[in-house]
Amino acid sequence: MNGDGDKRTLVISTIRNGTVIDHIKAGEALIVMRILGIIGSTQECVSVATNVESGALSKKDVVKIENRELKADEVDRIALVAPNATINIIRNYRVVEKKGVIIPPVLIGVLRCPNPCCISNTNEPIPSRFVMQGKKAVCGYCDAVISSDISSHII
Ligand code: CTP
């Protein structure tokens, strides 16, 4: 309910099984969905709410994915674009796990190196490797630095 007593708050249905990604910065749900590969011809049942009233942030986005529990590398990717997100695992309508997201100190196979000559950009079967240094990500092979707009480098 809104502060003025008006019942205008958008409600999306609870889900039976799956993942709810909550507390996404308002307007960034679509980036989260792109990272999870659920834009386009997905078979999954996905609900999205944008600009929902929130106590902690003034507005937030929420993404609910039925029958899918996110893998660790997917959570790492979400951390890069939605550092305040909460991941809720739902089983039989209950929240069985709730965790924040943390950018891990080392990201393997998550970011594409901006250096076209980097060994991780060749035909060698070598996944990219980045080490976080503050807000910068440094390539473990060629020392290339991603210092801004990290999300645009997500593979
Ligand atoms: N949720 C859902 N389906 C369920 C259970 C929960 O879609 N069967 C959603 C809720 O709508 C909410 C999120 O999962 O967006 C977390 O649920 P819950 O922990 O019950 O809500 P809060 O206590 O408000 O969460 P928080 O403290 O993290 O803000």
Side-chain angles (χ1 to χ4, degrees), residues 1-114 120 127-140 145-155:
M1 192 157 5
N2 287 346
D4 59 4
D6 218 349
K7 290 184 180 176
R8 284 178 297 166
T9 304
L10 175 65
V11 175
I12 41 177
S13 304
T14 55
I15 60 173
R16 181 169 187 168
N17 293 300
T19 304
V20 175
I21 308 163
D22 202 354
H23 306 124
I24 302 167
K25 189 175 166 197
E28 305 214 328
L30 291 181
I31 301 175
V32 170
M33 289 171 68
R34 179 178 68 76
I35 285 169
L36 297 176
I38 45 181
I39 282 189
S41 56
T42 180
Q43 301 289 312
E44 289 166 301
C45 186
V46 179
S47 314
V48 183
T50 60
N51 295 313
V52 180
E53 300 287 343
S54 168
L57 308 163
S58 54
K59 296 266 175 87
K60 68 175 182 180
D61 287 3
V62 183
V63 174
K64 301 189 181 189
I65 312 162
E66 289 190 49
N67 300 318
R68 175 167 164 190
E69 295 185 9
L70 300 188
K71 297 188 224 104
D73 70 305
E74 294 175 314
V75 175
D76 291 349
R77 286 175 164 81
I78 290 172
L80 288 170
V81 296
N84 296 315
T86 307
I87 310 286
N88 298 275
I89 305 296
I90 314 292
R91 290 188 198 139
N92 205 16
Y93 291 106
R94 302 174 78 131
V95 179
V96 296
E97 193 181 338
K98 182 189 287 283
K99 59 187 176 195
V101 294
I102 300 170
I103 300 175
V106 179
L107 293 156
I108 310 277
V110 172
L111 298 171
R112 189 178 309 286
C113 184
S120 64
S128 71
R129 185 176 193 280
F130 277 83
V131 178
M132 292 305 297
Q133 290 183 4
K135 293 191 171 178
K136 296 178 183 173
V138 181
C139 178
V145 177
I146 303 173
S147 55
S148 61
D149 200 13
I150 288 185
S151 64
S152 67
H153 295 271
I154 294 175
I155 296 170

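This chain uses plain numbering: 1 for the first residue, then up along the sequence. Both counts, for ligands and for their atoms, begin at 1 and track the order of listing. In this text, all values refer to a predicted model and were calculated from it rather than measured experimentally.
Contact annotation for atom 24 (O) of ligand 1: protein absent (non-hydrogen atoms, distance under 4.0 Å).
Remark: side-chain polar atoms of Asp61 are paired, donor with acceptor, to backbone N or O of Gly27 under 3.5 angstrom. Of the possible polar contacts, one joining the Ser128 side chain to the Leu111 backbone as a donor-acceptor pair under 3.5 Å is found.
Ligand 1 lies less than 4.0 angstrom from a heavy atom belonging to His23.
Remark: Asn88 CG to Lys64 NZ distance equals 9.0 Å, nearest 0.5 Å. To the nearest 0.5 Å, atom CD of residue Glu44 and atom CD1 of residue Ile65 are 6.5 Å apart. For the atom pair Asn17 CG and Ile90 CD1, the distance stands at 9.0 Å (nearest 0.5 Å). Distance CD1/Ile78 to CG/Asp76: 9.5 Å, rounded to 0.5 Å. In this structure, CD in Glu53 is found 9.0 Å from CG in Asn51, a value given to the nearest 0.5 Å.
At the top of the distance list for atom 7 (O) of ligand 1, counting protein heavy atoms only, stands Lys64 NZ, 2.7 Å. Of the protein's heavy atoms, Ile90 CD1, 3.7 Å lies nearest to atom 6 (C) of ligand 1. Counting protein heavy atoms only, atom 9 (C) of ligand 1 is closest to Val20 CG2, 3.8 Å. Looking only at heavy atoms of the protein, atom 20 (O) of ligand 1 is closest to Val95 CG2, 4.1 Å.
For the pair Tyr93 and ligand 1, the shortest N or O to N or O distance falls below 3.5 Å. Ligand 1 has an N or O atom lying under 3.5 Å from an N or O atom of Ile15, backbone or side chain.
Heavy-atom proximity to Asn88, at under 4.0 Å, picks out these atoms of ligand 1: 13 (C), 16 (C). Interface atoms of ligand 1 facing Lys98, defined by a heavy-atom separation under 4.0 Å, are 16 (C), 18 (P), 19 (O), 25 (O), 26 (P), 27 (O), 28 (O).
When all heavy atoms of Pro114 and His153 are compared, the closest pair comes out as CB-CE1, 4.0 Å.
Comparing Ile89, Asp22, Thr19 against atom 12 (C) of ligand 1, the shortest heavy-atom distance belongs to Asp22.
Within the 4.0 Å heavy-atom criterion, both parts of Thr14, backbone and side chain, lie near ligand 1.
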